[in-house]
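Treat the numbers as computed from the prediction; the structure is a model and nothing was measured. For the numbers below, each heavy atom of this structure counts, side chains included, while hydrogens, waters and symmetry mates do not.
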Amino acid sequence: MIDGPYFVLVVIGVVGTGLVAGVFCAFSTFVMRGLASLPPAQGVAAMRAINVTALMPAFMLVFLGSAVLCAVIAVVTFVLWPDEGTVELLLGSALYLFGSFGVTMVANVPRNNALLKLEPGTQEAAAYWPTYVREWTAWNHVRTVASAAATVLYVLAIA
């Protein structure tokens, strides 16, 4: 059984990955649909503002802190190799690190940076907006599922 400080780490991992899954789920289920329904200039302007705001400490602490925590959980799991929960902890860590954090870095952030370079009222921004919404949202679905699955696996490891 996982106990002591290791248990506390995993519980914090459950909270962190669950919070991130919730944020990503909100974007996948209604935020992006709402933004896509706006005229392109308004949608681009709103998403640019969201992307800048997302870099503030509150979200970054949860998002990056969860990545660090998942890495620590994976290392501690390799070192301690508990009798129960090992597979769940390692899979949960990998899912968050690669499916949430990794996908963010290689798929969502480059699209955000490309959007940030466009002025909202331009023809170029209007032409890019539908592609951005479709591709960004598809990758966000991956992040949502990966974060939620990591949460479930961590819960299973300590249940």
Side-chain angles (χ1 to χ4, degrees), residues 1-36 43-117 131-159:
M1 168 112 190
I2 298 169
D3 60 0
Y6 188 32
F7 178 83
V8 173
L9 277 178
V10 177
V11 168
I12 296 169
V14 167
V15 173
T17 58
L19 284 170
V20 172
V23 169
F24 290 161
C25 182
F27 270 83
S28 283
T29 58
F30 61 86
V31 172
M32 292 308 290
R33 288 180 186 185
L35 294 176
V44 169
M47 190 64 186
R48 285 172 42 141
I50 289 168
N51 288 336
V52 169
T53 305
L55 298 176
M56 297 300 180
F59 177 70
M60 295 310 289
L61 176 66
V62 175
F63 179 66
L64 294 175
S66 294
V68 170
L69 191 57
C70 288
V72 169
I73 290 170
V75 169
V76 171
T77 300
F78 273 117
V79 171
L80 296 180
W81 208 263
D83 293 334
E84 297 175 14
T86 301
V87 171
E88 292 87 348
L89 293 170
L90 293 176
L91 281 175
S93 294
L95 275 169
Y96 187 85
L97 290 169
F98 294 102
S100 181
F101 183 78
V103 166
T104 298
M105 294 302 114
V106 301
N108 294 87
V109 168
R111 285 167 176 78
N112 292 345
N113 291 340
L115 191 69
L116 193 58
K117 293 177 184 174
T131 301
Y132 173 88
V133 169
R134 184 180 62 256
E135 292 176 354
W136 191 97
T137 304
W139 283 111
N140 193 65
H141 293 337
V142 173
R143 300 187 309 170
T144 302
V145 170
S147 300
T151 303
V152 169
L153 286 164
Y154 282 171
V155 168
L156 290 173
I158 58 176

Can you name the nearest heavy-atom pair linking [X] to [Y], along with the distance?
X: Asn108; Y: Asn140; answer: ND2-N, 4.0 Å
X: Glu88; Y: Ala157; answer: CB-CB, 3.9 Å
X: Leu9; Y: Ile73; answer: O-CD1, 3.6 Å
X: Ser100; Y: Phe63; answer: OG-CE1, 3.9 Å
X: Val20; Y: Ser147; answer: CG1-OG, 3.8 Å
X: Leu97; Y: Cys70; answer: CG-CB, 4.0 Å

Q: Check the pair Tyr132, Asn112 against side chain to side chain contact (heavy atoms under 4.5 Å, CB included), reporting the backbone distance first and the verdict last.
A: CA-CA 8 Å; Tyr132 173 88; Asn112 292 345; 2.6 Å; yes
Can you find a heavy atom in the side chain of [X] that is under 4.5 Å from one in the side chain of [Y]?
X: Val142; Y: Trp139; answer: yes
X: Cys25; Y: Thr29; answer: yes
X: Leu90; Y: Phe78; answer: yes
X: Pro82; Y: Tyr6; answer: yes
X: Leu116; Y: Asn51; answer: no
X: Val11; Y: Tyr154; answer: no
X: Glu84; Y: Ile2; answer: no
X: Leu35; Y: Ile50; answer: yes

Q.
Can you tell me if Asp83 has over 12 outside heavy atoms packed within less than 6.0 Å of its CG?
A.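 No, the 6.0 Å shell around CG holds no more than 12 heavy atoms from other groups.
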**Q.** Over 12 non-hydrogen atoms of neighbours within 6.0 angstrom of CZ in Phe98
**A.**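 Open: at most 12 neighbouring heavy atoms sit under 6.0 Å from CZ of Phe98.
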**Q.** Tyr96 vs Thr151, side-chain hydrogen bond (donor to acceptor under 3.5 Å, both in side chains): CA-CA, chis, key distance, verdict
**A.** CA-CA 9 Å; Tyr96 187 85; Thr151 303; over 6 Å; no
Measuring from atom [atom1] of [X] to atom [atom2] of [Y], what distance do you get when rounded to the nearest 0.5 angstrom?
X: Trp136; Y: Leu115; atom1: CH2; atom2: CG; answer: 10.5 Å
X: Leu69; Y: Leu64; atom1: CG; atom2: CG; answer: 12.5 Å
X: Phe59; Y: Leu19; atom1: CZ; atom2: CG; answer: 10.0 Å

Q) Are any side-chain N or O atoms of Thr144 and backbone N or O atoms of Phe24, one a donor and one an acceptor, separated by less than 3.5 Å? A)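 Yes; judged by distance alone, with no hydrogens or angles, the pair exists.
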Q.
When you measure from the side chain of Ser93 to the backbone of Ala71, do you find a donor-acceptor pair of N or O atoms at a distance under 3.5 Å?
A.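 Side chain of Ser93 to backbone of Ala71: no pair is present.
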Q: Applying side chain to side chain donor-acceptor pair (under 3.5 Å) between Ser28 and each of Arg143, Arg33, His141, report the one that passes.
A: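 Among Arg143, Arg33, His141, the one meeting side chain to side chain donor-acceptor pair (under 3.5 Å) with Ser28 is His141.
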